[in-house]
Amino acid sequence: MKNKLYKKVIALTVCLAMLIPLCACGDTKEQKQVFAMDTVMTLTAYGKNAKSGLDAAAGVINSLNTLLDPEVENSAAYQLNHADGQNVIVTPQVAEILTTALKVCKQSGGALDLSVYPLYLAWGEFDSEKGIVPSSKEIKSLLTNVRFSETSITEFSGESNYSVRMPAGTQISFGAAAKGCASDRAIEAMRNAGVESGIVSLGGNVQTLGLKPDGSKWTVAVEDPNDTGSYVGTLKVGETAVVTSGNYQRYFIDSDGVKYHHLIDPSTGEPANNGLVSVTVVCEDGTMADCLSTAMFVLGVNGALNYWRNYGGFDMVMITDENEVICTSGLVEVFELTNTKDYTFKFTE
């Protein structure tokens with residue numbers, strides 16, 4: 001991507017590090033790297049169909065990279081952003097992402113809103129070199145078009161296309177959902193090619209296919225926000241998605257030494273400030289996990305826990321600015337805190 005819309009850090013300093021043996025039980029292992037969505041993505045597959053599976057997965061990712069980029073003319077995102085309130089025909093793939101994002105948007109009271117895109121640009125994309133603090137007047141003006149919740153999606157009966165309509169003046173990016181969708185589709189492509197064991201790491205998004213070749217679970221590490229070369233703890237997972245949003249992944253520091261991160265609270269137009277430094281969501285659906293990780297971060301600890309209790313379907317690890325690690329009860333048997341020196345820990349119902 002040209003414009004660095006995507007919210008996780010570029011690979012090799014990923015939020016979720018795979019702690020897996022690089023060979024197992026003599027199975028053929030293939031690995032491929034793809035640069036898309038402003039991230040170096042690492043795809044790994046095992047077995048006789050590994051190479052063809054990775055080629056298929058890479059093709060899907062590259063296609064989505066173009067389809068969802070608002071700077072690429074005639075992409076789905078570009079067309080939606082320039083429709084001026086008119087209907088736009090989109091593919092089922094785009095409609096599925098929008099439907100998932102709309103669901104989380106409405107259930108979270110707007111904590112996830114794809115239409116903060118113009119605000120993201122106004123903040124200089126939170127780039128370490130060109131980040132800028134917009135005036136309160138500019139933020140207030142841009143907030144008037146943060147109206148993603150008013151988006152309507154209509155399915156054409158018997159056809160494979162959908163019609164989407166957004167309010168005039170509203171513009172979106174898929175940054176809070178694109179890599180989740182990419183991991184979903186990459187895993188699907190690998191499975192369709194006959195791969196039974198594999199893992200994709202797309203920046204802060206990790207998604208697994210089946211189990212490891214030896215039949216054991218995958219070990220995924222949750223990065224330490226205070227030391228990105230290390231990790232706070234590990235998760236033992238089967239086939240699932242694990243996605244992290246953190247305030248340390250993309251930010252700039254102004255001339256007064258104030259740090260501004262990229263996770264915008266749609267209610268204020270400013271970076272969310274609620275005591276959280278990262279949220280890791282574990283969910284079978286990669287697109288949903290991506291959307292939820294942003295929404296839960298914006299909601300804060302209490303709001304995120306209330307959402308989890310009310311809607312379920314996922315579990316999470318939250319890390320606060322007081323170095324407390326909070327896990328939901330569904331992770332009791334799979335999460336282990338490894339950095340007991342710097343962090344305190346608790347499970348919650």
Side-chain angles (χ1 to χ4, degrees), residues 8 11-12 14-37 39-65 92-93 96-97 100 177-222 234-244 280-293 313-317 330-331 333-335:
K8 314 297 189 305
L12 304 182
V14 297
C15 301
L16 296 167
M18 292 177 291
L19 303 179
I20 55 175
L22 296 183
C23 58
C25 305
D27 289 85
T28 300
K29 170 188 164 251
E30 296 283 347
Q31 198 164 59
K32 193 179 190 75
Q33 285 196 333
V34 178
F35 184 79
M37 302 177 182
T39 301
V40 177
M41 305 178 175
T42 302
L43 319 178
T44 305
Y46 296 89
K48 62 180 181 180
N49 299 311
K51 187 178 185 304
S52 59
L54 293 184
D55 289 342
V60 167
I61 290 171
N62 286 325
S63 176
L64 281 171
N65 184 53
Q93 202 168 47
E96 181 180 344
I97 301 172
T100 299
K179 283 194 285 187
C181 177
S183 65
D184 275 333
R185 298 302 183 183
I187 290 294
E188 180 182 35
M190 290 163 63
R191 181 183 289 110
N192 290 340
V195 177
E196 297 180 354
S197 178
I199 187 166
V200 299
S201 177
L202 317 183
N205 297 49
V206 170
Q207 193 156 345
T208 57
L209 170 61
L211 297 172
K212 288 162 61 176
D214 63 4
S216 63
K217 291 186 175 182
W218 307 93
T219 303
V220 179
V222 179
T234 60
L235 289 157
K236 291 282 189 180
V237 299
E239 183 170 296
T240 195
V242 185
V243 179
T244 291
T280 297
V281 168
V282 182
C283 177
E284 292 183 2
D285 184 305
T287 306
M288 177 63 78
D290 211 358
C291 291
L292 284 171
S293 68
F314 69 101
D315 278 287
M316 59 185 167
V317 180
L331 300 177
E333 297 182 358
V334 301
F335 180 79

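Counting begins at 1 with the first residue of the sequence.
Panel note: side chain N62, backbone A58; a donor-acceptor pair is recorded below 3.5 Å. In this structure, the side chain of D315 does not engage the main chain of V282 through any donor-acceptor pair within 3.5 Å. Although no hydrogens or angles enter the test, the distance criterion places no donor-acceptor pair under 3.5 Å between the side chain of T280 and the main chain of M316. Distance alone, capped at 3.5 Å, places no donor-acceptor pair between the S63 side chain and the G59 backbone. In this structure, W218 contributes its side chain and G198 its backbone to no donor-acceptor pair below 3.5 Å.
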What's the verdict on side chain to side chain contact (heavy atoms under 4.5 Å, CB included) for I61 and L43, showing C-alpha distance, side-chain angles and the deciding distance?
CA-CA 11 Å; I61 290 171; L43 319 178; 3.9 Å; yes

So D184 and Q207, side chain to side chain contact (heavy atoms under 4.5 Å, CB included) or not? Walk me through it.
CA-CA 8 Å; D184 275 333; Q207 193 156 345; 2.9 Å; yes

Could you please spell out the steps behind the side chain to side chain contact (heavy atoms under 4.5 Å, CB included) verdict for D55 and K32?
CA-CA 8 Å; D55 289 342; K32 193 179 190 75; 3.2 Å; yes

Given the rule in the side chain to side chain contact (heavy atoms under 4.5 Å, CB included) test, do L202 and M37 qualify, once you have shown the distances and angles that lead to the verdict?
CA-CA 9 Å; L202 317 183; M37 302 177 182; over 6 Å; no

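Between M41 and V200, every side-chain heavy-atom pair lies at or beyond the 4.5 Å cut-off. Looking at K217 and T208, their side chains never come closer than 4.5 Å, going by heavy atoms from C-beta outward. With a 4.5 Å cut-off on side-chain heavy atoms, E30 and T44 do not count as touching.
With rounding to the nearest 0.5 Å, the separation of CD1 in I199 from CG in L211 is 11.5 Å. Interatomic distance, C291 SG to F314 CZ, rounded to the nearest 0.5 Å: 12.0 Å. Remark: S183 OG to L209 CG distance equals 12.0 Å, nearest 0.5 Å. In this structure, L235 CG and L331 CG are separated by 6.0 Å, a value rounded to the nearest 0.5 Å. Note that CG of L292 is 10.5 Å distant from OG1 of T287, once rounded to the nearest 0.5 Å. For the atom pair CG of L64 and CZ of R185, the computed distance is 7.5 Å after rounding to the nearest 0.5 Å.
Heavy atoms only, all atoms of each residue included: A193 and G53 are closest at CB-CA, 3.6 Å. Scanning both residues, A186 and A57, for their nearest heavy atoms gives O-CB, 3.7 Å. Of all heavy-atom pairs between T240 and C283, the closest is OG1-O, 3.0 Å. The two residues N49 and G194 come nearest to each other via the heavy atoms ND2-O, 3.3 Å. Closest non-hydrogen pair, A178 versus D290, comes out as N-OD2, 3.9 Å. Closest approach of A189 to V60, counting heavy atoms only: CB-CG2, 4.0 Å.
Within 6.0 Å of CD on E188 lie more than 12 heavy atoms contributed by other residues, nucleotides or ligands.
For R191, the side-chain hydrogen bond (donor to acceptor under 3.5 Å, both in side chains) partners are E239, not counting sequence neighbours.
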